S.K.: 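Please find one structure pasted underneath; my questions will follow.
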There are 2 protein chains.
Amino acid sequence: MSATIRDVARQAGVSIATVSRVMREHDNVSPGTRDRVNAAVADLSFTPSSLGRSLAERRHAANGIVFPDLSGPYYAEVVLGYESVAAELGRSVLILSTHGRAAGPAMVEEMAGRCDGLVIMGQTVPDTVVERLARRVPVVLLARPQIGTVDSVKADNVDSAKSLIEHVIASGDRQIILIGDPDLSPDVAERWAGFEKVAAAHPEVHLEQRHPGLFGERAGTNTVREAIRSGLPDAFVCANDEMALGVLSELRAHDIDVPGQVRVTGWDDIMAAKYAGLTTVRQPMRDLGGTAARLLDEIITGSRNHPRHEVLPTELVVRTSSGLSRKDMR
Amino acid sequence: MSATIRDVARQAGVSIATVSRVMREHDNVSPGTRDRVNAAVADLSFTPSSLGRSLAERRHAANGIVFPDLSGPYYAEVVLGYESVAAELGRSVLILSTHGRAAGPAMVEEMAGRCDGLVIMGQTVPDTVVERLARRVPVVLLARPQIGTVDSVKADNVDSAKSLIEHVIASGDRQIILIGDPDLSPDVAERWAGFEKVAAAHPEVHLEQRHPGLFGERAGTNTVREAIRSGLPDAFVCANDEMALGVLSELRAHDIDVPGQVRVTGWDDIMAAKYAGLTTVRQPMRDLGGTAARLLDEIITGSRNHPRHEVLPTELVVRTSSGLSRKDMR
DNA sequence: TTGAAAGCGCTAACAG
DNA sequence: CTGTTAGCGCTTTCAA
């Protein structure tokens, strides 16, 4: 067992209150006493128990982030952006992936008890749970629509959705398949809405939604297989890059030329997008996490008391050639 | 302030011990009492303080993972694999990126005080710090050479390094540039050693190391620029996929054909590798994290007391065509 | 400048 | 089956 404040006090011949003062760097301690305490601290290699300290101070000096699933670069980047800023602000970082588990809400509640505030990402828990949590601790919503006056951060979906679909339409595409499930992601719902709005002004354009129920490469490959039977569209517009990559890879497997026969777009601009020559919308993933961390800190420290809702800009990235090879897509 | 165990006890007309029993699901509580307590719990929406509980139980029910830097898919995948298993084992997960900060060791020590054990990845802190930490709490080393009897998990580097270099040599390459800094990563050091061993049996082959000092795409592009001046090799063998992608992209920018004029290989098999047609070595990134989580849990729960050192297999992935487009590599 | 003492919220003997 | 009580390790008045 490691040394406690009492061991140090005994060895230095002072009271625990004095040891506490020295550890907290209160200046009302005489230099001589301070030195003796520090010597004892070093000798016993004493580290204050964060548990004891937190209990007495009634704060954790930690905060958490909850995200739905861990697969794919998008969540990873966001979480890492969050960690980076939170660590800078001197707070430990707890992470939790609900992963569609039924126990998700319970796990989040548990986590809420371990930190001074938390960031809730996307569709991890129902609104009712968010509301309950927000009553207990400061909460920031990330990539999720506003709930009451809870702070939120998100990337712009609508403007870029419009730019993207306008680009696709301007390229001459009329039959367009949208791949992605709006029910599983508020971001996707907004993007689809942006598309529909633009399409409404183009009667010759037809958008058709496909909801594969997942967001990985497989969602793309599956959809292409179906489309090959029912008839290829002019373009596959995907809710994220991974699906788009799946689409590309399946099209290649069938010797269908991109963008000659059909166009493909993604969303996020993950690293692979560049190498696949994928047209997409760049999201500031790191910044999303970092901004959430900062907003949360502001609430926790009380440096701000009116709610904020940040919308970070996105950018259409048009790439003209596909870099996919048709072989060796294992 | 939220309700405490005393509030519940008062409202239910019982002692705090009884409330504790109900919460812990001890069965020596009469049904009637249990119901009254549960009613009070619900009424006050009482959640036991994890702090109080941890202090009394002398355990955190949390463990941590430390990694060097967050950039790139490799660390992200490992961390996520770790989270997944740790959560399954009912432990909260703390993450910390030392990020080359001078305060790194102090931050890790701080974190050690918040959890029941931790995983230390790669070159995050010096050996002396690891030894001190290991004396305080259970530790598992991840992708880092053994230190004393501390548990460790790593991917096989040597065997795959041999397969890879043999593949390159068999393809006819003689002048080979290795890109990556062995001092910054134990994994890289092992891979380079594996290469050298094989090369020793091939006097006609010449390996030349380049240490760019970082591990991102830029490391690759920079090295190619230098090599173009000093003379192109037959192959660039890179310590990870990101560097290799940087190499590919810079070669393309100079209209140098891959693999016609020069061959490029990576390591890790990140998602982009497939779409860039990159030959590489697949590492079980998720599994590395997951295995570390399991080993750590075994030590913490005391279900094992002799040290273990796991080496997970890797796999050479040969891809024959590059999918890189020469345009639009923004 | 220092110490005594009362918590922070909970668990776990030990008694009854 | 239930209550009393003594901690877990620290911070922080309040006195001295």
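Only a predicted model underlies this, so the values are computations on that prediction, with no experimental measurement involved. Side-chain atoms are counted along with the backbone in the values below, which use heavy atoms only and exclude waters and symmetry mates.
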S.K.: Rounding to an integer number of Å, can you tell me how far H60(B) NE2 sits from dG9(D) P?
M.R.: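 Atom-to-atom, H60(B) to dG9(D), this comes out as 11 Å.
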S.K.: If you assign N28(B) and A56(B) each to the DNA chain D nucleotide with the nearest heavy atom, which residue ends up on the more 5' nucleotide?
M.R.: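 Nearest nucleotide further toward 5': that of N28(B).
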S.K.: Could you tell me whether V14(B) contacts a base, only the sugar-phosphate backbone, or nothing, with contacts defined as non-hydrogen atoms closer than 4.0 Å?
M.R.: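 Sugar-phosphate, no base atom in range.
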S.K.: How long is the line joining CZ of R114(A) and P of dG9(C), in whole Å?
M.R.: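 These atoms are roughly 17 Å apart.
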S.K.: Any Lys/Arg nitrogen of R24(A) or E57(A) sitting under 4.0 Å from an Asp/Glu carboxylate oxygen of the other?
M.R.: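 Yes, R24(A) and E57(A) are salt-bridged.
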S.K.: Looking at every heavy atom in both R91(B) and A62(B), which two are closest together, and how far apart are they?
M.R.: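 In terms of heavy atoms, the two residues are closest at NH1-N, 3.6 Å.
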S.K.: With sugar-phosphate meaning primed atoms plus P, OP1 and OP2, does R6(A) contact a base, only sugar-phosphate, or nothing at under 4.0 Å between heavy atoms?
M.R.: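 R6(A): base contact, heavy atoms under 4.0 Å.
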S.K.: Would you kindly give the CD1-to-C1' distance between I5(B) and dT5(D), to the nearest whole Å?
M.R.: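 The distance from CD1 of I5(B) to C1' of dT5(D) comes to 14 Å, rounded to the nearest Å.
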S.K.: Starting at CG of L55(A) and ending at P of dG7(C), how long is that distance when rounded to a whole Å?
M.R.: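 Those two atoms, CG and P, are 14 Å apart.
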S.K.: Just how far, in rounded Å, is P of dT1(C) from CG of D35(A)?
M.R.: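 Atom CG in D35(A) sits about 14 Å away from atom P in dT1(C).
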S.K.: Looking for any heavy atom pair under 4.0 Å, which part of the strands does R24(A) touch: base, sugar-phosphate only, or nothing?
M.R.: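 Here R24(A) touches the backbone only, sparing every base.
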S.K.: Please state whether the phosphate of dT2(C), meaning OP1 or OP2, lies under 4.0 angstrom from any side-chain nitrogen or oxygen of T18(A).
M.R.: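 T18(A) to dT2(C) OP1/OP2: no side-chain N or O under 4.0 Å.
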S.K.: What is the distance from CZ of R21(B) to C1' of dA12(C), rounded to the nearest Å?
M.R.: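 In whole Å, dA12(C) C1' and R21(B) CZ are 9 Å from each other.
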S.K.: Can you tell me how far P of dC10(D) sits from CD1 of I16(A), to the nearest Å?
M.R.: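 So the two atoms are 9 Å apart, to the nearest Å.
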S.K.: By nearest nucleotide on DNA chain D, pick out whichever of E57(B) and T33(B) is the more 5' one.
M.R.: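 The 5'-side residue here is T33(B).
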S.K.: Would one find a side-chain N or O of S49(A) under 4.0 angstrom from OP1 or OP2 of dG9(D)?
M.R.: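 Negative; the distance criterion is not met.
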S.K.: By the 4.0 Å heavy-atom rule, please label S30(B) as base, sugar-phosphate, or nothing.
M.R.: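 Counting heavy atoms under 4.0 Å across all strands, the contact made by S30(B) is with sugar-phosphate only.
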S.K.: May I have the distance from L44(A) (atom CG) to dC10(D) (atom P), rounded to whole angstrom?
M.R.: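 Spelled out: CG on L44(A) to P on dC10(D) is 12 Å.
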S.K.: Is there a side-chain contact between R53(B) and the phosphate of dT11(C), meaning an N or O under 4.0 Å from OP1 or OP2?
M.R.: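 Yes, such a contact exists.
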S.K.: Closer than 4.0 angstrom, basic N to acidic O: yes or no for R294(B) and D287(B)?
M.R.: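 So R294(B) does not pair with D287(B) through a salt bridge.
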S.K.: Taking 4.0 angstrom as the limit, do R114(A) and E110(A) come out as a salt bridge?
M.R.: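 So R114(A) pairs with E110(A) through a salt bridge.
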S.K.: When you measure from the side-chain N and O atoms of S15(A) to the phosphate of dA4(C), is any distance below 4.0 Å, counting only OP1 and OP2?
M.R.: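 No, no such contact exists.
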S.K.: Would you kindly compare S50(B) and G13(A) by the position of their nearest DNA chain C nucleotide and give the one closer to the 5′ end?
M.R.: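 It is G13(A), whose closest nucleotide lies nearer the 5' terminus.
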S.K.: Just by distance, do the side chain of T98(B) and the backbone of R101(B) share a donor-acceptor pair under 3.5 Å?
M.R.: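 Not at all, since once roles are kept as given, no pair shorter than 3.5 Å links the two residues.
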